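Notes to accompany the following structure.
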Amino acid sequence: MSVLVNKDSKVIVQGFTGSEGSFHAQQMIEYGTNVVGGVTPGKGGSSHLERPVFNSVEEAVMKTGANTTIIFVPPAFAADAIMEAAEAGIKVIIAITEGIPVADMMKAKPYIKEKGAVLIGPNCPGVITPGEAKVGIMPGFVFKKGRIGIVSKSGTLTYEAADQVAKAGMGVSTAIGIGGDPIIGTSTKEAVQLLMEDPETDAIVMIGEIGGNYEADAAKWIRENGNKKPVVGFIAGQTAPPGRRMGHAGAIIGGADDTAAAKMRIMADNGIHVAESPAEIGAVMAKVLGVEA
Amino acid sequence: MNIHEYQAKELLKSYGVRIQEGLVANSPEEALEAAKKLNASTGTSWFVIKAQIHAGGRGKGKVQETGSNGVVLAKSLEDVPTKAGNILGGTLVTIQTGEEGKKVNKVLVAEDVYYPGASEPKEYYLSILLDRAKGCNVIMASTEGGMDIEEVAEHTPEKIIKEWIDPKLGLQAFQIRKIAFKLGLEGTAFKEMVKFISSLYNAYIGSDSSQFEINPVLKTSDDKILAVDAKVNLDDNALFRHKDLAELRDLAEEDPLEVEAGKSGLNYVKLDGNVGCMVNGAGLAMATMDMIKLSGGEPANFLDVGGGANATTVEAGFRIILQDPNVKAILINVFGGIVRCDRIANGVVEAYKSIGDIRVPIIVRLQGTNAEEGAKIIDESGLKVSSAITLKEAAEKVRLAISA
């Protein structure tokens, strides 16, 4: 089992021969991820990192049986790359690219849903199932294998959480970086749902930030479904001023429900263990599970 | 990206949206010239003079130096230069600018559209924006024009009309008719409103905007529908395909430190606190700000140095934070994954030496690859910099630094 990616994932890299794509493809290969090839239109037929390069995702799927893709294509062409992957039958699409126009994602999202694919991101660190597959840009060594699932809008804050979980004597089943853009493929609720249904996950860390209603939605869903597994939550941006974009395109307080305080209250009201400080995520989880660090 | 009202109106007009006509002016003399031209082209003999700043509440706002409001009516050509002069160069304080206000460099001289006629003029509200929860655009309309829409939503939500737009199909004609009927319009005004909404939507899509707010939309006494004000927010991520719109950016409206940071590829937002911070990653940066607050301080800024933090970016970050006189301590928080902590530590030491005169305590928290080596480099540098490895430890050191 495990969620989204595992040792059986056959991964291709879109934007394979670019600098970002090359660097992270190499890192993923070193981690042990089964990278079966890559796509760079116009460079098909060549070889890169000892893997075949294809002109299209369709060709890559046909020749390698790939079922998962990671996308490093520049923002102007990224939504197109996402749709190409879905059309070619890829089932798990992980989009790392930051800076995709909102209008492009608005069209891509319903398209891939129709094709039955799952999109993680964009503007995310990717997904890792420790010891099996890293399909992302996170430092693999931080994620010790274990039974805590992580869902997060942020990259480095996810590493922070994984590190605290490890130092508190636990480990990670799968960590899903869902991304910090206003429109993303998989919501907090959907990612939490995957982990709730995963037999290898005992508890969940849910990290959100200001802006949007994803965390509130997830919190309500968790309660409606009987709080089956303990969830520890943290929201970044308690000190962020309204109306200012804080790095991530989606991290902006537009209304009263967008604030960290509002989201933390909703989480607490729905039975989630809220960590007030980002330094306490691991400790709160250890306490909830009765683990001695 | 925000643009000025006069720029927003030009954008709308280029898509066939009827607007309150006007001309922008940089001086009282230009304002008079603008008024004369406007008189010749529209026949208007009254002129509305509107301060051009990126903040709302201008009408009720006050220019500190002269006491003038940010939007005033001149009832003759002679009045125009004086009234424009009372706004231009002044500092306008509105509910959205904060106490310090904003300097006014330009005014828009606009025609009077509230002239008497066959029917009463009436104001409406219209906006188009992204509904994040539904992943599509939504049009909001209301008969309560000129009001703050948040207040309308709170007290009389039934007065807000919403139409969600299918991203694949775009806005449909029946949806536009529905809005216009619900606004209670008929005859010429109804037809005008249909045309107005249709053109407005085309402008929104064509410019890759993330928010349009037209408040008020006016039905004139002769049943024309036009935009009296226009707030346009462009999607930053889409500016690469709108070079002409990207040029509308007005750096004078932005914090100079934020502009400088942008040039170094840093994402910086100035705040009012006393502890500066420099972090890799937006989420961790926000979390670090929160931690500063929990440690008894107030964050002086948001600063994301991005994934490729090195000596150059660290130095640029230092220089920007140190320009803020309120800063009493600096916390550097880097989770080194792909970037190694020892490299960052060397970067910090180099930057510190290169800047020289740093008088505030600095706490460097490095976690991840080679964290121990990084801490050692910091501790052995002989500089007034202390190291931390866990976030908790860093929080404690911040507490000590600001209470000292």
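Naming: A, B, ... by sequence-line order, numbering from 1 per chain. Because the structure is a prediction, the values reported are computed rather than measured.
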Item to complete: Find out whether B/Lys168 and A/Met106 are in side-chain contact, i.e. whether some heavy atom of one side chain is under 4.5 Å from a heavy atom of the other.
Response: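 When only atoms from C-beta onward are counted, A/Met106 and B/Lys168 do not touch, as no gap falls below 4.5 Å.
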Worksheet item: With a 4.5 Å heavy-atom cut-off, do A/Val102 and B/Leu130 have their side chains touching?
Response: yes
Worksheet item: Sub-3.5 Å donor-acceptor pair from the side chain of B/Asn237 to the main-chain atoms of A/Ile100, do we have one?
Response: yes
Worksheet entry | Side-chain (B/Asp290) to main-chain (A/Gln238) donor-acceptor, under 3.5 angstrom | yes
Engaged part of [X] at the chain B interface, taking heavy atoms whose separation is under 4.5 Å:
X: A/Glu160; answer: both
X: A/Phe141; answer: side chain
X: A/Gln164; answer: side chain
X: A/Ile235; answer: backbone

Portion of [X] that has a non-hydrogen atom of chain A nearer than 4.5 angstrom:
X: B/Asp272; result: neither
X: B/Ala133; result: both
X: B/Glu150; result: side chain

Worksheet entry | Salt bridge B/Glu258-A/Arg244, side-chain N to carboxylate O under 4.0 Å |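 Answer for the salt bridge query: yes.
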Worksheet item: Are the charged groups of A/Lys167 and B/Glu393 less than 4.0 angstrom apart, N to O?
Response: no
Rounded at 0.5 Å granularity, tell me how far [atom1] in [X] sits from [atom2] in [Y].
X: A/Lys107; Y: B/Cys136; atom1: NZ; atom2: SG; value: 13.0 Å
X: A/Thr239; Y: B/Met289; atom1: OG1; atom2: CE; value: 3.5 Å
X: B/Asn267; Y: A/Arg245; atom1: CG; atom2: CZ; value: 7.0 Å
X: B/Met286; Y: A/Met246; atom1: CE; atom2: CE; value: 6.5 Å

Item to complete: Identify which of A/Ala279, A/Gly247, A/Ser154, A/Pro101 forms the greatest number of heavy-atom pairs closer than 4.5 Å to chain B.
Response: A/Pro101
Fill in: Most chain B-contacting option - heavy-atom pairs closer than 4.5 Å, from A/Gly180, A/Ala103, A/Ala76
A/Ala76
Practice prompt. Evaluate the side chain to side chain contact (heavy atoms under 4.5 Å, CB included) criterion for residues B/Phe335 and A/Asp163: first the C-alpha distance (whole Å), next the side-chain angles of each, then the deciding distance (0.1 Å), finally the verdict.
Written response: CA-CA 10 Å; B/Phe335 200 106; A/Asp163 187 56; 3.8 Å; yes
Per-pair distances, 0.1 Å, donor-acceptor, side chain in residues 182-193 of chain A, under 3.5 Å, sequence neighbours excluded:
unit_1, atom_1, unit_2, atom_2, d
A/Thr186, OG1, A/Leu119, O, 2.5
A/Ser187, OG, A/Glu190, N, 3.2
A/Ser187, OG, A/Glu190, OE1, 3.3
A/Glu190, OE1, A/Ser187, N, 2.8

Do you know which of [options] has the most heavy-atom pairs with chain A at a distance under 4.5 angstrom?
options: B/Val334, B/Ile205, B/Asn137; value: B/Asn137
options: B/Ala153, B/Ala282, B/Ser209; value: B/Ala282
options: B/Ala238, B/Ala287, B/Ser210; value: B/Ala287

Fill in: B/Tyr15 atom OH: more than 12 heavy-atom contacts under 6.0 Å
yes
Worksheet item: Is it true that atom CD of B/Glu372 has more than 12 heavy atoms of other residues, nucleotides or ligands lying nearer than 6.0 Å?
Response: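 Open: at most 12 neighbouring heavy atoms sit under 6.0 Å from CD of B/Glu372.
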Worksheet entry | salt bridge (charged side-chain N to carboxylate O under 4.0 Å, His left out) between A/Asp258 and B/Arg132, intermediate numbers included | CA-CA 11 Å; A/Asp258 285 348; B/Arg132 288 173 64 168; 5.7 Å; no
Practice prompt. Tell me yes or no: between the side chains of B/Asn280 and A/Thr156, is some donor less than 3.5 Å from an acceptor?
Written response: no
